[in-house]
There are 2 protein chains.
Amino acid sequence: MGFSETMKAIADPQRREMLLLVKKQRLRAGEIASHFPNLSAATVSYHLSLLKKASLITETKYKNFVYYELNGSVFEEIILWCAQFTGETPKPPKPL
Amino acid sequence: MGFSETMKAIADPQRREMLLLVKKQRLRAGEIASHFPNLSAATVSYHLSLLKKASLITETKYKNFVYYELNGSVFEEIILWCAQFTGETPKPPKPL
DNA sequence: TATCTATTTAGAATTATTTCGAAATAGGAG
DNA sequence: CTCCTATTTCGAAATAATTCTAAATAGATA
């Protein structure tokens, strides 16, 4: 997926919370959903599908469970993109 | 502003293009708008206001012009946030 | 096979974002 | 003071994102 979709996925605080959950350990969809008592399982599934489309997580099916885990490599691309905006010539503020 | 607003601001490709423009040099709102022939000046002003609320750019008023320039420091915060998801224990994929 | 559990998909309602044209603001020029 | 230029704000229309319930899917178990 493209950079826009990745950033959009990360822009949502509930999806960021999901990333933190699967960072610690591989989890089933239902275990993730149970961390969000105010969301339906269908809504959590929707958010997970966005994270998966953005390659931020991967899924593995086993028995009738779906396991999700983090894919850390995409974050390195984001870091590279951000780095072009940091540190470059501290630019003394010239008068207009 | 919060992290969500910052990421949401960056998630839009037109706003990212604006960031690249003001990275090179401080520009007036009208100069930025002229890089987007398919957008009205009002729309560009709206996007710039989002970037400003996210502290990704700063504005300076002089005569009846408004100058925008990049604020690189926010990108360092994004990099720090992303770094927590990279490199941590390459995690051999265990069987389920 | 019939049924149960885990999860996703479909469809609809709600809310948020993007965009425009028109009007408002602000400062400079005549 | 009056007009002009640069930019933003307002209000409305179009588009996209989020959420739900209900139905569908898939695999396990009795």
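Any value given below was found using the heavy atoms of this structure, including those in side chains, with hydrogens, waters and symmetry copies removed. Within every chain, numbering begins at 1; the chains are lettered A, B, ... in the order of the sequence lines, protein sequences first and strands thereafter.
- Between the P atom of D:dA6 and the CD1 atom of B:Ile32 lies a distance of 15 Å, rounded to the nearest Å.
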Would you list the protein and nucleotides 15-20 of chain D atom pairs, both N or O, that sit under 3.5 Å from each other?
from   : atom 1 : to      : atom 2 : distance (Å)
D:dA17 : OP1    : A:Lys8  : NZ     : 2.8
D:dT18 : OP1    : A:Arg15 : NH2    : 3.2
D:dT18 : OP2    : A:Arg15 : NH1    : 3.4
D:dT18 : OP2    : A:Tyr46 : OH     : 2.8
D:dT19 : OP1    : A:Gln14 : NE2    : 3.2
D:dT19 : OP2    : A:Gln14 : NE2    : 3.4
D:dT19 : OP2    : A:His47 : NE2    : 2.4
D:dC20 : OP1    : A:Asn38 : O      : 3.0
D:dC20 : OP2    : A:Ser40 : N      : 2.9
D:dC20 : OP2    : A:Ser40 : OG     : 3.2
D:dC20 : OP2    : A:Thr43 : OG1    : 2.6

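- Going from atom CG of B:Leu48 over to atom C1' of C:dT17 covers 16 Å, rounded to whole Å.
- In this structure, the OH atom of A:Tyr62 is 12 Å from the C1' atom of D:dG27, given to the nearest Å.
- Side-chain contact between A:Arg15 and A:Ile10: absent, with no pair of heavy atoms (C-beta onward) separated by less than 4.5 Å.
- Residues B:His47 and B:Met18 form a side-chain contact, since some pair of their non-hydrogen atoms from C-beta on lies under 4.5 Å apart.
- The distance from atom CG of B:Leu27 to atom C1' of D:dA6 is 15 Å, rounded to the nearest whole Å.
- In the set D:dT9, C:dG28, C:dT8, the nucleotide with an atom closest to the side chain of B:Lys63 is C:dG28.
- Close to C:dT8, at under 4.0 Å from its OP1 or OP2, lies a side-chain N or O of A:Tyr68.
- Side-chain contact of A:Arg26 with A:Thr60: a donor-acceptor pair under 3.5 Å is absent, judged by distance alone.
- A:Phe75 places a side-chain heavy atom less than 4.5 Å from the side chain of A:Leu19.
- In terms of polar N and O atoms assigned as donor or acceptor, the side chain of B:Asn64 never comes within less than 3.5 Å of the base of D:dT7 in a complementary pairing.
- Remark: side-chain polar atoms of A:Gln84 are paired, donor with acceptor, to backbone N or O of A:Trp81 under 3.5 angstrom.
- The nearest whole Å value for the distance from the CZ atom in A:Phe36 to the C1' atom in C:dT7 is 17 Å.
- A:Ser4 places no side-chain N or O within 3.5 Å of a backbone atom of B:Asp12 that could act as its donor or acceptor partner.
- When rounded to the nearest whole Å, the span between OH of B:Tyr67 and C1' of C:dA26 equals 15 Å.
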